[in-house]
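Sequence lines set the chain letters: A, B, ... in the order given, protein chains first and strands last, and positions in each chain run from 1.
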Number of protein chains: 2
Amino acid sequence: MQRKATALDVAKRAGVSRSAVSLVLNGRGDGNVAKESQDRIRRAAVELSYSPNPIALSLRNQRTRMIGIVSDHVVVSAFDGNIIGGADDVARSRGFVTVAMDTEFDAARDESAVETLLDRQVDGLIYVTEGLKPLDVPPGMLRVPSVLANCYDNAPVPALPHMIPDEVRGGREATNHLLELGHRDIALLAGAAGSAAAPLRVAGYREAFAEARLDVREDWMSWVGWDIDGGFHGAMKLLDGVSPAERPTAIMCANDRAAIGVALAAARLGLSVPGDLSIMGYDDESHVADTMVPTLTTMALPLREMGAAAMTALLAQIEGPGKSEGHGKSEGPGIPVGPGISENGRAASLETLAPCRLVIRESTGPAAHR
Amino acid sequence: MQRKATALDVAKRAGVSRSAVSLVLNGRGDGNVAKESQDRIRRAAVELSYSPNPIALSLRNQRTRMIGIVSDHVVVSAFDGNIIGGADDVARSRGFVTVAMDTEFDAARDESAVETLLDRQVDGLIYVTEGLKPLDVPPGMLRVPSVLANCYDNAPVPALPHMIPDEVRGGREATNHLLELGHRDIALLAGAAGSAAAPLRVAGYREAFAEARLDVREDWMSWVGWDIDGGFHGAMKLLDGVSPAERPTAIMCANDRAAIGVALAAARLGLSVPGDLSIMGYDDESHVADTMVPTLTTMALPLREMGAAAMTALLAQIEGPGKSEGHGKSEGPGIPVGPGISENGRAASLETLAPCRLVIRESTGPAAHR
DNA sequence: TTGAAAGCGTTACCAT
DNA sequence: ATGGTAACGCTTTCAA
């Protein structure tokens with residue numbers, strides 16, 4: 001591997017000093033370097049396909065243009081994976097590189113991951129979680145600009161800004177979709193009771209019922225977890241051996257996997273979807289919701305948007321908004337945060353809520369007449 | 001953020017020169033530095049919690065201890081995500097850091113991702129794909145030590161080593177599992193005809209039939225893709241309206257998602273699994289195969305093992321096998337490659353095959369008597 | 001307008 | 001045995 005061209009090589013070729021090269025290539029040429037020399041320098045740089053050595057730059061500037069991403073389950077998940085994808089898009093467009101470390105749900109590793117990244121002199125940190133949850137922020141994160149995605153600072157007095165999905169609104173709008181289709185007998189298979197997201201979605205469901213002046217049937221609500229079997233058994237309990245007049249006409253699921261379980265149960269009981277039963281998912285998991293039979297109506301989590309918003313906020317903190325540095329790649333002014341992403345009400349709020357998106361497919365339909 | 005201690009700080013505190021600090025802390029102290037000074041230096045280092053600045057080290061050594069990982073779908077996938085997880089484990093245990101870039105199936109971005117990483121002076125590169133496939137290796141990868149995981153060099157004369165699953169054997173052993181349960185009427189819902197993996201798995205299926213001196217029913221084999229709907233419609237074609245005596249007693253699926261489709265079809269047709277029909281998956285996708293109703297028997301892809309093997313091979317190329325450098329973290333001699341991972345026959349082979357693992361659960365059972 | 005020199009934190013070499 | 005110095009590649013300040 002022949003060694004790359006350095007600023008000195010460019011200087012020699014252009015017949016000037018290293019300093020001149022540096023000035024010109026950083027836009028500080030005018031008023032310091034003769035126009036003619038500037039041209040020669042620029043030409044030489046192109047000919048040698050010169051680009052400054054990022055390592056030397058880092059050492060000199062004390063800034064690495066690297067953003068560390070710590071995740072409880074990064075590289076293994078269709079969920080926070082997409083968050084990271086969104087964050088990476090933004091970083092790349094502004095000449096930053098992301099370094100991701102996965103701690104695989106082992107909180108003890110958080111601290112060491114953060115220290116490793118800090119040791120490498122990352123300019124900022126993002127912590128990403130697979131599911132919404134309160135986070136014991138690793139102390140190291142307070143030493144550089146940091147943002148949380150899909151989780152929030154669990155400290156008595158929160159220090160870091162966070163981007164999270166608007167789960168309450170998601171639950172409410174999912175419910176409203178079913179109400180608008182004429183359903184009144186809507187069961188809810190909530191996720192895990194101990195999770196942060198599930199209770200919020202349930203709250204949204206209750207809000208929708210309250211607004212519609214309908215009562216929630218508490219016996220139709222259960223915490224079945226996030227998996228296929230939970231959805232299956234939950235649905236069997238609601239449907240098996242229950243007369244058509246007595247059973248729900250729609251089931252809202254904690255997520256798409258639970259919805260698979262419900263569909264399985266419906267098939268086994270000879271119920272047609274959505275004819276006899278509407279099924280509503282949550283997450284819009286790709287290759288699942290869109291390829292189910294029938295395809296699933298679901299509430300899409302704004303994963304990429306959250307990642308992008310988190311990175312945008314972080315970079316704004318690091319180098320001011322949209323100062324995109326002409327770093328070669330396609331850019332434009334910092335990726336827009338997207339419609340609907342909004343600050344929460346609190347004073348100097350640290351919280352940004354990203355809206356979920358209703359995706360209507362085949363698994364929901366008008367309620368059958370009774 | 002108060003600045004970190006440097007070697008100079010340590011030197012001052014210990015009353016010696018920077019060189020002495022460097023020598024001692026790199027184990028080259030004996031014979032060069034007085035025992036007494038060594039002690040003072042080490043004590044000072046601890047007191048200041050000194051650790052060398054990796055950036056300066058990189059500049060000096062021309063080695064960054066960073067490994068670049070390029071993926072066609074990294075951060076978004078439960079599949080190559082696990083490969084990266086395995087690779088990262090090994091890297092971390094040897095004091096390396098991985099930086100991953102996802103090109104989201106856009107081959108045009110491969111080159112630029114590789115160049116970005118090379119620009120950052122990574123010591124080596126790994127290219128990871130979500131599904132097995134031939135890869136047009138980005139030219140930049142030839143400039144540093146590089147390894148391919150789950151893909152192989154598509155050039156006329158391959159230059160890079162690769163780690164891939166032994167798909168033929170996987171297909172054969174999956175089939176054998178069903179044969180051993182007494183099944184003779186085994187249908188095969190292969191994946192996408194255009195993919196690299198599917199034909200190999202089919203080859204394994206044929207091998208198993210040949211060894212058992214049975215004929216393959218060609219009309220029971222079809223390319224239904226990798227999704228739930230493909231599995232569903234494929235199964236309906238095989239089962240719907242077909243008399244029990246005429247239909248297969250087992251269906252092998254291209255992957256677990258297709259198996260979901262088959263289970264859905266079976267439920268709709270009132271067939272019990274595995275009583276009336278055995279279903280075999282592939283991949284052992286987590287939260288799917290293990291939580292289906294019934295849970296899926298499947299062939300697990302050796303994702304983490306492949307990633308670990310790829311990284312082990314790469315690091316061996318970079319700094320010699322198992323030279324784990326005492327980099328603080330828990331280590332031990334380079335992660336073992338795991339039983340069964342083996343070199344292919346060719347001379348100076350570039351190919352390493354990782355075995356898949358049969359996971360027996362509830363969806364397969366003895367063939368019904370006829 | 002230009003070039004020389006210092007400094008970022010290391011390590012390796014070479015005098016002392 | 002020890003410590004000064006050059007070099008890694010860059011930017012910035014200062015002097016010519």
Side-chain angles (χ1 to χ4, degrees), chain A residues 1-41 44-45 48-66 95 118-121 123 325 327, chain B residues 1-41 44-45 48-66 95 118-121 123 325 327:
Chain A
M1 175 184 178
Q2 71 171 14
R3 314 234 317 92
K4 252 193 59 176
T6 75
L8 183 56
D9 297 324
V10 177
K12 274 189 195 151
R13 189 180 187 96
V16 298
S17 75
R18 290 204 301 285
S19 347
V21 173
S22 174
L23 285 176
V24 171
L25 264 30
N26 289 307
R28 242 180 306 284
D30 287 347
N32 289 315
V33 178
K35 284 260 183 287
E36 175 179 286
S37 306
Q38 296 202 26
D39 284 347
R40 264 179 301 136
I41 290 172
L48 299 174
S49 65
Y50 166 78
S51 69
N53 179 326
I55 311 262
L57 267 181
S58 300
L59 187 57
R60 168 72 227 215
N61 299 341
Q62 305 292 70
R63 301 167 75 263
T64 54
R65 300 191 80 80
M66 296 198 324
L118 246 24
D119 203 48
R120 293 262 174 183
Q121 319 265 71
D123 295 337
E325 295 257 327
H327 250 264
Chain B
M1 174 184 179
Q2 72 170 15
R3 315 230 319 90
K4 253 191 57 174
T6 75
L8 183 56
D9 298 324
V10 177
K12 275 185 194 153
R13 190 180 186 97
V16 298
S17 74
R18 292 205 300 285
S19 345
V21 173
S22 174
L23 284 174
V24 172
L25 263 30
N26 290 304
R28 243 181 307 283
D30 287 347
N32 289 314
V33 178
K35 284 260 183 287
E36 174 180 285
S37 308
Q38 296 202 26
D39 284 346
R40 263 180 302 135
I41 289 172
L48 299 174
S49 64
Y50 166 79
S51 70
N53 179 326
I55 313 260
L57 266 181
S58 299
L59 185 59
R60 169 74 234 217
N61 298 343
Q62 306 290 68
R63 301 168 74 263
T64 54
R65 300 192 80 82
M66 294 198 326
L118 247 23
D119 203 47
R120 293 262 173 181
Q121 319 266 74
D123 294 338
E325 294 257 328
H327 249 265

- line: Closest non-hydrogen atoms of A/M66 and A/R120, given as atom of the first, atom of the second and distance, are CE-O, 3.8 Å
statement: Each nucleotide of nucleotides 10-16 of chain C classed B (base within 4.0 Å of a protein heavy atom), S (only sugar-phosphate) or -, in 5' to 3' order, makes BBB----
field: OP1 or OP2 of D/dG9 under 4.0 Å from side-chain N/O of B/Q62
entry: yes
Test side chain to side chain donor-acceptor pair (under 3.5 Å) applied to A/D119 - qualifying residues, sequence neighbours left out: B/K4, B/S51
message: Just the rounded figure in Å: distance from P of D/dA7 to CZ of B/R63.
response: 22 Å
task: Give one of base, sugar-phosphate or nothing for B/S58, where a contact means two heavy atoms less than 4.0 Å apart.
output: nothing
Residue pairs involving residues 9-23 of chain A (criterion salt bridge (charged side-chain N to carboxylate O under 4.0 Å, His left out); sequence neighbours excluded): A/R13-A/E47
- request: Mind calculating the distance between CG (A/L48) and C1' (D/dG9) to the nearest angstrom?
  value: 15 Å
Selection from D/dG3, C/dG3, D/dT2 that lies nearest to any side-chain heavy atom of B/N32: D/dT2
field: Where at least one partner belongs to residues 24-36 of chain B, residue pairs that pass salt bridge (charged side-chain N to carboxylate O under 4.0 Å, His left out), sequence neighbours excluded
entry: B/D30-B/K35
field: Closest nucleotide among D/dG3, C/dT2, D/dG9 to the B/S17 side chain
entry: D/dG3
query: What pairs with B/S58 under side chain to side chain contact (heavy atoms under 4.5 Å, CB included), at least two apart in sequence or on another chain?
result: A/I55, B/T64
field: Length of the CD1-P vector between B/I55 and D/dG9, whole Å
entry: 15 Å
query: Using the C1' atoms of the five pairs at each end, what is the angle between the end axes of the helix from C/dT1-D/dA16 to C/dT16-D/dA1, to 10°?
result: 70°
query: Excluding sequence neighbours, so at least two apart, what forms side chain to side chain contact (heavy atoms under 4.5 Å, CB included) with A/S22?
result: A/N26
- request: Could you pull out all residues at least two apart from A/L25 that satisfy side chain to side chain contact (heavy atoms under 4.5 Å, CB included)?
  value: A/V21, A/I41, A/R42, A/A45, A/Y50
task: Could you name each residue pair satisfying salt bridge (charged side-chain N to carboxylate O under 4.0 Å, His left out) that touches residues 52-61 of chain B, not counting sequence neighbours?
output: none
